[in-house]
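The structure appears below as structure tokens.
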2 protein chains.
Amino acid sequence: MMQLDDQAYARIAKYFQLLAEPMRLKILNGLRDGEKNVSELVALSGGTQANVSKHLTMLCAANLIQREARGTKAYYSIVDQQIFDLCGLVCGQLAMQMSTAAAANESFISAMQSQANS
Amino acid sequence: MMQLDDQAYARIAKYFQLLAEPMRLKILNGLRDGEKNVSELVALSGGTQANVSKHLTMLCAANLIQREARGTKAYYSIVDQQIFDLCGLVCGQLAMQMSTAAAANESFISAMQSQANS
DNA sequence: TTTTTATATAACTATATACTCATGTAATAT
DNA sequence: ATATTACATGAGTATATAGTTATATAAAAA
């Protein structure tokens with residue numbers, strides 16, 4: 001088992017924390033196919049300008065996205081596409097959980113039915 | 001770009017939230033090489049019994065770990081080792097960030113030095 | 001049966017953080 | 001110069017959650 005010090009756990013936790021927010025995930029997903037400016041992300045996410053801007057600032061500070069100002073606009077883009085591998089893994093996990101739950105549910109239902117029929 | 005509904009973002013965020021806590025990461029890492037009971041995890045993590053127990057209950061409710069009671073003890077184990085792929089990816093990200101930062105720092109320092117020498 | 005051991009949980013506190021509203025700032029347009 | 005557009009940020013509020021303390025529960029030992 002790899003031994004990590006407390007600081008390492010804290011760093012990893014902070015990283016996951018960034019992804020532990022629906023609006024931020026939405027924003028990141030919105031940037032999947034290329035840079036977008038703040039207004040575009042506001043429209044896309046359905047959030048308020050202030051809130052989206054704050055999330056962008058956080059993601060930028062953590063270096064998950066980068067900012068480029070052009071004129072009065074600020075364009076944000078993904079720094080490393082690998083971030084989507086993480087999300088993909090989680091989606092896979094959740095999909096599996098749900099299919100497992102569905103299967104369990106089905107077998108529960110059929111067990112109930114066969115009991116009712118006996 | 002894949003379109004996800006708000007519920008999907010919420011689910012994914014909740015999953016990441018589970019990993020966004022140093023003590024829980026420590027516990028999960030402690031289970032990497034096989035099942036352990038609560039006392040062992042308390043000793044290993046340095047947390048209190050109550051706190052470790054709570055985290056275990058959370059991880060269990062989310063189906064990241066499973067519980068098996070034997071006698072007075074409760075043994076917990078990882079449900080799907082894929083969880084460590086996630087942590088591995090994040091560690092990789094952080095390692096890269098740090099090496100990038102180190103490189104930037106070095107070039108900053110050498111720039112300062114050459115300026116001082118001029 | 002009583003005690004001990006191992007674990008879970010309820011009540012509470014402290015802290016972090018997501019959000020809103022209002023305002024600041026900076027580049028462009030008029 | 002002034003107004004407008006695009007974005008960032010400070011203050012304040014509400015909520016979530018990690019942690020502690022005390023207690024409940026349940027199996028095993030005495």
Side-chain angles (χ1 to χ4, degrees), chain A residues 6-31 34-77, chain B residues 6-31 34-77:
Chain A
D6 286 351
Q7 200 182 23
Y9 285 115
R11 282 217 185 93
I12 300 169
K14 273 219 173 287
Y15 193 97
F16 279 124
Q17 183 71 44
L18 285 166
L19 303 178
E21 222 289 318
M23 181 65 76
R24 280 196 293 274
L25 291 175
K26 216 173 194 176
I27 289 170
L28 288 170
N29 200 29
L31 295 174
E35 64 169 22
K36 285 197 175 58
N37 63 45
V38 180
S39 308
E40 288 171 328
L41 290 168
V42 167
L44 185 143
S45 68
T48 64
Q49 183 268 316
N51 198 28
V52 170
S53 189
K54 278 194 178 172
H55 285 306
L56 288 168
T57 300
M58 287 181 64
L59 292 170
C60 214
N63 212 40
L64 293 195
I65 62 177
Q66 56 201 344
R67 189 185 118 110
E68 191 196 330
R70 271 186 248 140
T72 68
K73 301 187 179 175
Y75 287 84
Y76 288 90
S77 58
Chain B
D6 286 352
Q7 199 182 23
Y9 285 115
R11 282 219 186 92
I12 300 169
K14 273 219 172 289
Y15 192 98
F16 279 125
Q17 184 72 44
L18 285 167
L19 303 177
E21 221 290 316
M23 181 66 75
R24 280 197 293 273
L25 291 175
K26 216 174 193 174
I27 290 170
L28 288 170
N29 200 29
L31 295 175
E35 64 170 21
K36 286 197 174 57
N37 62 46
V38 181
S39 309
E40 289 171 326
L41 290 169
V42 167
L44 184 143
S45 68
T48 64
Q49 183 269 318
N51 197 28
V52 170
S53 190
K54 273 193 181 175
H55 285 306
L56 288 169
T57 301
M58 286 181 66
L59 292 169
C60 215
N63 212 40
L64 294 196
I65 63 178
Q66 56 201 345
R67 189 185 117 110
E68 191 195 330
R70 272 185 247 139
T72 68
K73 301 187 180 177
Y75 287 84
Y76 287 90
S77 57

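Note that this is a predicted model, so its numbers are computed, not measured. A, B, ... follow the sequence lines: proteins, then strands. Residue 1 opens every chain.
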Here the distance between atom C1' of C:dA18 and atom CD1 of A:Ile27, to the nearest Å, is 12 Å

Between C:dA16 (P) and B:Met23 (CE): distance, integer Å = 16 Å

Can you give one letter per nucleotide of nucleotides 23-30 of chain D, 5' to 3': B if a protein heavy atom sits under 4.0 Å from the base, S if only from the sugar-phosphate, - if neither?
-> ----BS--

Least distance between heavy atoms, B:Ile27 atom then B:His55 atom = CD1-CB, 3.8 Å

Here the gap from B:Asn29 atom CG to B:Ser45 atom OG, rounded to the nearest 0.5 Å, amounts to 12.0 Å

With the side chain defined as heavy atoms from C-beta on, A:Gln17 is closest, among C:dT17, D:dA18, D:dA8, to C:dT17

Positions of residues 52-66 of chain A (non-hydrogen atom under 4.0 Å from DNA chain C), listed by number = A:Lys54, A:His55, A:Met58

With heavy atoms under 4.0 Å as the rule, sort A:Tyr75 into base, sugar-phosphate or nothing.
-> nothing

For residues 6-24 of chain A, which residue pairs qualify under salt bridge (charged side-chain N to carboxylate O under 4.0 Å, His left out), counting only residues two or more places apart or in two chains?
-> A:Asp6-B:Lys26

Indicate whether OP1 or OP2 belonging to D:dA18 is found under 4.0 Å from a side-chain N or O atom of B:Asn51.
-> no

Scan A:Ala50 against the nucleic acid and name what it touches under 4.0 Å (heavy atoms): base, sugar-phosphate only, or nothing.
-> base

Distance in angstrom units between A:Glu40 CD and D:dA6 P, rounded | 11 Å

A:Lys26 NZ to C:dC19 P, straight-line distance once rounded to whole Å | 10 Å

Pairing residues for B:Gln49 by the side-chain hydrogen bond (donor to acceptor under 3.5 Å, both in side chains) criterion, not counting sequence neighbours = none

Is the distance from OP1 or OP2 of D:dC7 to the nearest side-chain N or O of A:Arg67 less than 4.0 Å?
-> no

Whole-Å gap separating P (D:dT17) and CD (A:Glu21) = 12 Å

Evaluate the side chain to side chain contact (heavy atoms under 4.5 Å, CB included) criterion for residues A:Phe16 and B:Leu18: first the C-alpha distance (whole Å), next the side-chain angles of each, then the deciding distance (0.1 Å), finally the verdict.
-> CA-CA 9 Å; A:Phe16 279 124; B:Leu18 285 167; over 6 Å; no

Nearest-Å distance, NZ (B:Lys14) to P (C:dA18)?
-> 12 Å

Does a side-chain N or O from A:Ser39 land closer than 4.0 Å to OP1 or OP2 of D:dA6, or not?
-> no

Spacing between A:Arg24 atom CZ and C:dC19 atom C1', to the nearest angstrom = 12 Å

Rounded interatomic separation in angstrom, taking CD from B:Glu35 and C1' from C:dA6 | 16 Å

Find the distance between CG (A:Leu64) and CG (A:Leu56) and round it off to the nearest 0.5 Å.
-> 11.5 Å

Contacts of A:Glu40 that satisfy salt bridge (Lys or Arg N to Asp or Glu O under 4.0 Å) - sequence neighbours left out = none

Please check the phosphate of D:dA8 (OP1 and OP2 only) for any side-chain N or O of A:Tyr76 closer than 4.0 Å.
-> yes

Which residue pairs pass the salt bridge (charged side-chain N to carboxylate O under 4.0 Å, His left out) test with at least one member in residues 48-68 of chain A, sequence neighbours excluded?
-> A:Glu68-A:Arg70

Closest non-hydrogen atom pair between A:Pro22 and B:Ala10, with its separation = CG-CA, 4.0 Å

A:Gly47 and A:Met23 have their tightest heavy-atom pair at CA-CE, 3.7 Å

